[in-house]
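Structure first, then comments.
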Amino acid sequence: MPSGRQKNFQNKNTVTELTLTTKILDGVKLNAQLRAFLETYYKTPHFKFSKQMAVAIRQAKHQDNTTMTI
């Protein structure tokens with residue numbers, strides 16, 4: 001591991017079923033599972049994650065925001 005960097009092993013588990021009330025801290029990740037959920041929700045064939053989405057998820061995890069949901 002490079003010096004000055006630490007691996008974050010928190011939230012290794014991911015949720016098995018996503019809903020609009022799924023909390024970010026429950027293991028939500030920007031992956032194929034979330035993409036498929038959002039494609040269905042927004043009725044779009046090729047949903048793309050935005051930079052703002054990634055920033056919001058990272059901030060929620062960093063700040064231990066237990067109220068933020070999908």
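Just so it is clear, the structure is predicted and the values come from calculations on it, not from any experiment.
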Check against side chain to side chain contact (heavy atoms under 4.5 Å, CB included), Lys29 and Leu34: CA-CA 7 Å; Lys29 296 180 181 180; Leu34 180 58; over 6 Å; no
With sequence neighbours excluded, residues passing side-chain hydrogen bond (donor to acceptor under 3.5 Å, both in side chains) with Thr21: Thr19
Over all atoms of both residues, closest heavy-atom pair of Val28 and Lys61: O-NZ, 3.0 Å
Expected output: side-chain Lys23 to main-chain Thr69 donor-acceptor under 3.5 Å: no
Separation between CD1 of Ile70 and CG of Leu38, rounded to the nearest 0.5 Å: 7.0 Å
Nearest-0.5 Å distance, CZ of residue Phe37 to OG1 of residue Thr22: 6.5 Å
Side-chain donor/acceptor of Arg35 to backbone N/O of Phe47, under 3.5 Å: yes
Name the atoms and distances for all side-chain donor-acceptor pairs under 3.5 Å in residues 49-60, with sequence neighbours left out.
unit_1	atom_1	unit_2	atom_2	d
Ser50	OG	Gln52	OE1	3.4
Ser50	OG	Met53	N	3.2

side-chain contact (heavy atoms from CB on, under 4.5 Å) against Thr67, all qualifying residues, sequence neighbours excluded: Asn65
